[in-house]
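The shown structure was predicted, so the numbers you read here are calculated from the model rather than taken from an experiment. Both counts, for ligands and for their atoms, begin at 1 and track the order of listing. Residue numbers run from 1 in the order of the sequence given.
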Amino acid sequence: MVLGVIGHPVSHSLSPVMHSAAAKSLGLDLTYDTYDVPPDELEDLMDRFRNGDMDGLNVTVPHKVAVMEYMNELMDNAEKVGAVNTICRKGDKLIGANTDVYGFITSVEKNAGEIAARGRILVYGAGGAARAVCHAFADRNVERLLIANRTRHKAEALADSLTGVGCAIDVLDYESNNLVDSVRSADIIVNTTSVGMESVSEKFLPGSENIHQGQLVVDIVYRPLETPLLRQAKRAGAMTLDGLWMLIHQGARSFTLWTGAEFPVELARVSLLKALNED
Ligand code: NAP
């Protein structure tokens, strides 16, 4: 099989590391490469894919929404989230899936199942990843979802898109006393913004100094693996979960959709940690 990930830029992607390690350990004959595809070359790439040059693809920034128009079918939350991160090819038909929802909720449930069942969730951010995270929680019928984003109208648009999901949804001002109160009273706090990434100057989220013991704090950023938010949360005695787990579980679901094989999760984590250390 010829598999890979398309994005622009994409050379930093860790997906080849885990998919290649998984295929090797299972004795599967497949390659997994990166394809740097500027937006004006997306159509050509999709034509090549449909004509058999590749068998399956992951999709990353900036193509997760743009690829949707080339899909013959959508599955696995793609329609609900409005984004595709995995494409399977059956003959000349392309089937788009969103495995980020599965990846996120599986990472939380496998590592912190007892906390995942609780009710009050604070999500920082309103980009593509936030959409998947909010849908994942909404599917679990949590009690209340609070969304805080630097650009408020994007949080409002995300909240609107979740109308009817069965849990209460509130938008919070990014720098406000309400946000501080919500940090204190949340059961789970999730950062889906780029804050804390090595390449971003902001390192701290407003209100995060109020994190305390008994909470679960998840950062989906994984470069660095221990973000300033996770370090802060650990110091406060909260339980923490790093973003590599979401990456692994979304990849696991993609791998199974393409190959039918079960993904070796622990081996993937070891290979990713090694790659991050060598960076
Ligand atoms: P996106 O759609 O571009 O959204 C970026 C989000 O970050 C927006 O909410 C944006 O706020 C916020 N943001 C960016 N810079 C900020 C700053 N300096 N201060 C405050 N907020 C800021 O990106 P995405 O696809 O959602 O990805 C977001 C992060 O999640 C990235 O770090 C990505 O690597 C990570 N991620 C991880 C996984 C995983 O598997 N672990 C999966 C997907 C994404 P505004 O709306 O105000 O611009």
Could you give the side-chain donor-acceptor pairs of residues 7-20 under 3.5 Å, partners two or more places apart or in another chain?
| from | atom 1 | to | atom 2 | distance (Å) |
| --- | --- | --- | --- | --- |
| His8 | ND1 | Asp36 | OD1 | 2.5 |
| Ser13 | OG | Ser15 | N | 3.1 |
| Ser20 | OG | Pro16 | O | 2.7 |

Pair listing, salt bridge (Lys or Arg N to Asp or Glu O under 4.0 Å) test, anchored in residues 152-166, at least two apart: Arg152-Glu156, Arg152-Asp173
Fellow cluster residues of Leu229, listed by chain then number, with links counted only when side-chain atoms sit under 4.5 Å apart: Leu122, Tyr124, Leu146, Leu172, Tyr174, Leu179, Val183, Ile189, Val195, Leu205, Ile211, Val217, Leu230
Over 12 non-hydrogen atoms of neighbours within 6.0 angstrom of CG in Asp40: yes
Presence of salt bridge, Lys90 and Glu73, under 4.0 angstrom: no
Residues in the immediate environment of ligand 1 (any heavy atom closer than 4.0 angstrom): Gly125, Ala126, Gly127, Gly128, Ala129, Asn149, Arg150, Thr151, Lys154, Tyr174, Thr192, Thr193, Ser194, Val195, Met197, Val200, Glu202, Ile220, Val221, Tyr222, Gly243, Met246, Leu247
Cationic N near anionic O, under 4.0 Å, Lys234 to Glu226: yes
